[in-house]
Visitor: 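The structure that follows is given in the form of structure tokens.
Lettering follows sequence order; numbering is per chain, from 1.
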2 protein chains.
Amino acid sequence: MPSEDIFGSDRKYRMTHQRQLILEEIRRVNTHPTADELYEMVRKRLPRISMGTVYRNLEVLSTSGVIQKIGRESSQMRFDGNTKNHYHIRCTHCGKVEDAPIESAENLGHGIRDASDYTIIGHRLEFIGICPVCRKKGDLSHKKA
Amino acid sequence: MPSEDIFGSDRKYRMTHQRQLILEEIRRVNTHPTADELYEMVRKRLPRISMGTVYRNLEVLSTSGVIQKIGRESSQMRFDGNTKNHYHIRCTHCGKVEDAPIESAENLGHGIRDASDYTIIGHRLEFIGICPVCRKKGDLSHKKA
DNA sequence: CTAGGTGCAAATCATTTGCCGGGGC
DNA sequence: GCCCCGGCAAATGATTTGCACCTAG
């Protein structure tokens, strides 16, 4: 596969060799690898690549929308004294988490129970948005939590 | 509030003073605090408490189902070369993440758009279950990723 | 007496960043 | 020349753990 033109008009980034290899590996598998798994995968083809490069490129690729991040919405765990099933809504700007004003839907899992070979225990649904405070402030500063 | 009998028949754990204070604070607010926010909150009432104690008790309380963890399904970020909207399913035992065989539902956000004062950007839905491999193995070893 | 609990400090783990030399345009 | 880049190692930040003592049952 030749070096792809994934950045299109965005001339900010170039498709470098390291970046290309990381992208190839991530596309080759469907295991949703972690950064260090990718590091090991790419290292087989480019032994001197460093973790820093892997992380930096994963950041560039996901920011550019070429790949997607899964999990870890924020760096810190949060805790909730309410153990009833309910959903949350998280502000992309300030990182605040509030309860979502919507009922928990048990039936969300129904469709997948037939389609999947997993034993379904439950589901987590989280809405992503901008809270009124940040919207009002026009707060475009980088997310904190 | 007197020391609660939250552990019921589970005599493994006692309701200690620190544990009680942590629980009171977490229940007092609806901000879904992080561990260090709770540490600061509890420290106002018990200045010599340590972060280690806070983390240990949050673990006990959430394991016992008295409180709930939000966010951070796993310690590591995962990456996906498929940027189409799709959901994932995560195995509680081995931590593996696969694509969920179910369509992404745009309308999930509809109800909340009216009910919430957030500007809704999107949602994340993740199913939790046990993968066939772990089920077959009867693998009850602790989750890895 | 035993097992759980605590404060404290050190360790761990994932991720980020500073430095610095190198190459593309 | 300017800016992106990559390797390397050091720094950071959240969380976990080892240790020594303490206390309830």
Visitor: A quick test of your reading: do over 12 heavy atoms of other residues, nucleotides or ligands sit less than 6.0 Å from CG of D117(B)?
Guide: yes

Visitor: For R78(B) and H32(A), indicate whether the former's side chain and the latter's backbone hold a donor-acceptor pair under 3.5 Å.
Guide: yes

Visitor: R43(B) CZ to dT6(C) P: how many Å, rounded?
Guide: 17 Å

Visitor: Find the distance R48(A):CZ to dC8(D):P and express it as a whole number of Å.
Guide: 4 Å

Visitor: Send over the distance from E73(A) CD to dA14(D) P, rounded to a whole Å.
Guide: 17 Å

Visitor: Mind calculating the distance between OH (Y39(A)) and P (dG6(D)) to the nearest angstrom?
Guide: 14 Å

Visitor: Would you mind listing every ring-ring contact (aromatic ring centres under 6.0 Å, His included) that reaches into residues 106-135 of chain A, with sequence neighbours excluded?
Guide: Y87(A)-H123(A)

Visitor: For the helix from dC1(C)-dG25(D) to dC25(C)-dG1(D), figure out the bend between the end axes, five pairs an end, and round to 10 degrees.
Guide: 20°

Visitor: Do the side-chain N or O atoms of N57(A) get closer than 4.0 angstrom to the phosphate oxygens (OP1, OP2) of dG6(D)?
Guide: yes

Visitor: Give the B/S/- string for nucleotides 12-25 of chain C, one per nucleotide from 5' to 3', where a protein heavy atom under 4.0 Å of the base yields B, of only the sugar-phosphate yields S, and otherwise -.
Guide: --SBBBB-----S-

Visitor: Which residues pass the side chain to side chain contact (heavy atoms under 4.5 Å, CB included) test with S50(A), sequence neighbours left out?
Guide: T53(A)

Visitor: Decide yes or no on side chain to side chain contact (heavy atoms under 4.5 Å, CB included) for M41(B) and L38(B), but give the supporting numbers first.
Guide: CA-CA 5 Å; M41(B) 289 156 66; L38(B) 276 165; 4.2 Å; yes

Visitor: With sequence neighbours left out, write down each residue that passes side chain to side chain contact (heavy atoms under 4.5 Å, CB included) with E106(B), or none if nothing qualifies.
Guide: N85(B), S104(B)

Visitor: Does the side chain of S50(A) get closer than 4.0 angstrom to OP1 or OP2 of dA9(D) through an N or O atom?
Guide: no

Visitor: How many Å lie between CD on Q18(B) and P on dC8(C), as a whole number?
Guide: 11 Å

Visitor: Let me know the distance between CG of L21(B) and P of dG5(C), rounded to the nearest Å.
Guide: 15 Å

Visitor: According to ring pair (Phe, Tyr, Trp, His ring centres under 6.0 Å), who are the partners of H86(B), at least two apart in sequence or on a separate chain?
Guide: H88(B)

Visitor: Using a cut-off of 6.0 Å, state whether more than 12 heavy atoms not belonging to D36(B) lie near its atom CG.
Guide: yes

Visitor: Checking E25(A) against R43(A) for the salt bridge (Lys or Arg N to Asp or Glu O under 4.0 Å) test, could you report, in this order, the C-alpha distance in whole Å, the side-chain angles of both residues, the deciding distance, and whether it holds?
Guide: CA-CA 11 Å; E25(A) 290 302 311; R43(A) 216 143 70 96; over 6 Å; no

